[in-house]
Structures are given as structure tokens and as C-alpha cells.
Amino acid sequence: MCEVCAIFGAGEHWSDFARQRDTRFPFADILHYRAERKRRIAMLNTLVGPLGLLCEDWDGEALALTDARGRTRIAPTLADVWPVAEGLAGARVDPLADAFFAPLPATEPAHG
């Protein structure tokens with residue numbers, strides 16, 4: 001993908017879209033896209049923070065994970081976050097395991 005599309009934030013991974021895209025006007029909803037991306041990165045930081053990692057947006061197209069020593073690795077998609085986190089943290093990371101969520105603060109269930 002070229003830098004122009006990355007700047008506009010029109011990534012093509014399925015996890016980057018929380019809405020149906022209008023193919024005629026793919027950038028019409030860019031503010032919503034960016035707000036959703038920021039929200040997802042905040043949730044990722046809640047998950048990787050206990051591992052000593054920080055997740056940040058990288059060029060609107062990928063995720064950058066950084067450890068306490070300043071080492072940074074790029075995760076092109078959400079699925080790539082976990083192996084990258086394992087490499088930086090030096091520990092097994094299984095986001096589907098109950099123990100993975102143990103250090104996180106309890107939250108109130110959402111009411112619909």
C-alpha cells in the first residue's frame with residue numbers, strides 16, 4: 001500500500017473496519033475510522049501493558065509494539081500482535097486463556 005492510502009487510513013484488514021465500506025467513497029468516513037482505530041489501540045494497551053509493552057499506531061496501517069528497553073516491532077495486523085508481543089515480552093501470550101485476563105481490572109458489564 002502506498003503512503004497516501006496509509007495516511008488516509010484505509011487499511012484493508014477486516015479488523016480495521018467496524019462499518020460497511022462504501023466503495024464509491026472509501027474515505028468519506030475517515031474520522032469514524034480513526035476514532036475506532038484509536039479505541040482498539042487503547043484496548044490493546046490494556047491487554048499488553050501488564051506484559052511491559054506499549055502499542056501505538058504506525059502510519060495508520062499497522063501497529064508498533066515497544067518494550068521497556070525501547071525495542072520496537074511492527075505488527076501489520078491484529079493477528080500479528082500476539083506473536084510480536086511474545087517476542088518482545090519473552091513469554092507465551094495466549095489471548096484466549098483465562099489467565100491472560102487475570103491482571104486486568106474488573107469492569108462493569110455493558111448494558112444494551
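Note that these values count all heavy atoms, side chains included, but never hydrogens, waters or copies made by symmetry. Only a predicted model underlies this, so the values are computations on that prediction, with no experimental measurement involved.
Here the shortest heavy-atom pairing between Glu56 and Thr66 reads OE1-OG1, 4.4 Å. For the residue pair Ala62 and Ala75, the shortest heavy atom distance occurs at CB-O, 3.6 Å.
With respect to Arg37 and Asp57, a salt bridge is recorded, a charged nitrogen being found less than 4.0 Å from a carboxylate O.
In this structure, the side chains of Trp82 and Leu47 come closer than 4.5 Å at one or more pairs of heavy atoms.
For the pair Asp94 (side chain) and Leu96 (backbone), a donor-acceptor distance under 3.5 Å is present.
Side-chain heavy-atom separations under 4.5 angstrom define the hydrophobic clusters, and the remaining members of the one that includes Trp58 are Ile74.
Cluster membership for Leu54 and Leu44, using ILVMFWY side-chain heavy atoms within less than 4.5 angstrom, is not shared.
A side-chain contact (heavy atoms from CB on, under 4.5 Å) with Leu51 is found for one member of Asp67, Leu88, Leu65, Val93 and no other, namely Val93.
Atoms CE and SG, on Met43 and Cys55 in that order, are 11.0 Å from each other to the nearest 0.5 Å. Note that CG of Leu63 and CG of Leu78 are 7.0 Å apart. Values are rounded to the nearest 0.5 Å.
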